[in-house]
Amino acid sequence: MKNISPSPVKFRFLFFYSFMLVLFFSFSHAQANDNEPTPKQIVLELISAMEVNDPQRIKAVFTDNSSQTYERWYAREKKDEKFRSWLKSDIIDVHGRVLNPKLQVDGNQVIVTGTYINNDSYKSTADFLFIVNNGKIVNWTMRYD
C-alpha cells in the first residue's frame, strides 16, 4: 500500500500558509476597526452637515434603526420611519443647527451643548446626548429642562 501522508516539507508549508492567512485576516480586521471614525468624529460630521443643511450627510451618520427621545418630557421614542420623518421635518426641512457647539465625550456617548436654531425662528439651548455604535449614531436624546 502506498503512503499518502504529507511529507514534512508539505506539512510545514501548509502550516506556514495557514498561519499567514490567519495573521493576514486578523491584521486586516484590526486595521478596519482602527479606521472606524470615533464617536466624536461622527457627531462633528453631523454638526458640520447640519450647518450646511446637507441631507445626505445628515442621514449618513445614523443607522437604519436609530431613535430619538426626550429625556424629561413625556413622549414616545421615535424609531425607524418615525425617526426618519422627525429628522426630515424637525432638522433637515427647517435647517436645524447648533451654534457654538461644545462636545464632551465619554466612550460612545457624546454630549453637545450650544444654541439650537432653525429657519422657523426657533431658538433654544441645546443639550443633546448622542449614542454612537460601530461608527453610526443609534440614539439622539434631547435633554431640555
Check: Q109 side chain, D106 main-chain N or O, donor-acceptor pair, under 3.5 Å:
no

Open item on the list: Taking F128 as the starting point, is it possible to reach L44 by hopping between hydrophobic residues whose side chains are less than 4.5 Å apart?
Closed with: yes

- prompt: Hey, is the main chain of D120 close enough, under 3.5 Å, to the side chain of N118 for a donor-acceptor pair?
  reply: yes

Between L46 and I137, the two heavy atoms sitting closest are CD2-CD1, 3.8 Å

Rounded to the nearest 0.5 Å, the CD1 atom of I111 sits from the NZ atom of K102 at a distance of 14.0 Å

* So does Q104 have more than 12 non-hydrogen atoms from other groups sitting under 6.0 Å from CD? -> no

Minimal heavy-atom distance between Q68 and M142, with the atoms involved, is NE2-CG, 3.4 Å

Next item on the list: Could you check if a side-chain atom of N119 sits within less than 4.5 angstrom of a side-chain atom of R97, using non-hydrogen atoms only?
Entry: yes

- Query: Among side-chain atoms of D127 and T125, is any donor-acceptor pair under 3.5 angstrom?
  - Reply: no

Note: V94 and D90 closest approach over all heavy atoms is CG2-O, 3.3 Å

Check for me, please, whether I91 and L129 land in the same ILVMFWY cluster - side-chain distances under 4.5 Å, paths through other members count. no

Give a yes or no on whether Y122 and V112 share a hydrophobic cluster (residues Ile, Leu, Val, Met, Phe, Trp, Tyr; joining criterion: side-chain heavy atoms under 4.5 Å apart).
yes

When you look at NZ of K136, are more than 12 heavy atoms from neighbouring residues, nucleotides or ligands closer to it than 6.0 Å? yes

Taken to the nearest 0.5 Å, the spacing of D80 CG from D64 CG works out to 9.0 Å

- prompt: Hey, any chance I131 and Y70 share a hydrophobic cluster, counting ILVMFWY side chains that come within less than 4.5 Å of each other, even indirectly?
  reply: no

Taken to the nearest 0.5 Å, the spacing of I92 CD1 from L87 CG works out to 4.5 Å

For V98 and E51, the nearest pair of non-hydrogen atoms, with its separation, is O-OE1, 4.3 Å

In this structure, CZ of R143 is separated from OG1 of T113 (nearest 0.5 Å) by 9.0 Å

May I ask you to decide if S66's main-chain N or O and K78's side chain share a donor-acceptor pair within less than 3.5 Å? no

On a heavy-atom basis, the closest approach of G107 and P39 is O-CG, 3.6 Å

Donor-acceptor under 3.5 Å (N100 side chain, G114 main chain) = no

Note: A126 and Y116 closest approach over all heavy atoms is CB-N, 3.9 Å

*Quick one: sort the W140 and W86 rings into parallel, tilted or perpendicular, breaks at 30° and 60°.*
perpendicular

d(E81 CD, N65 CG) to nearest 0.5 Å is 13.0 Å

Rounded to the nearest 0.5 angstrom, the CD1-CG distance for I47 and L99 is 11.0 Å

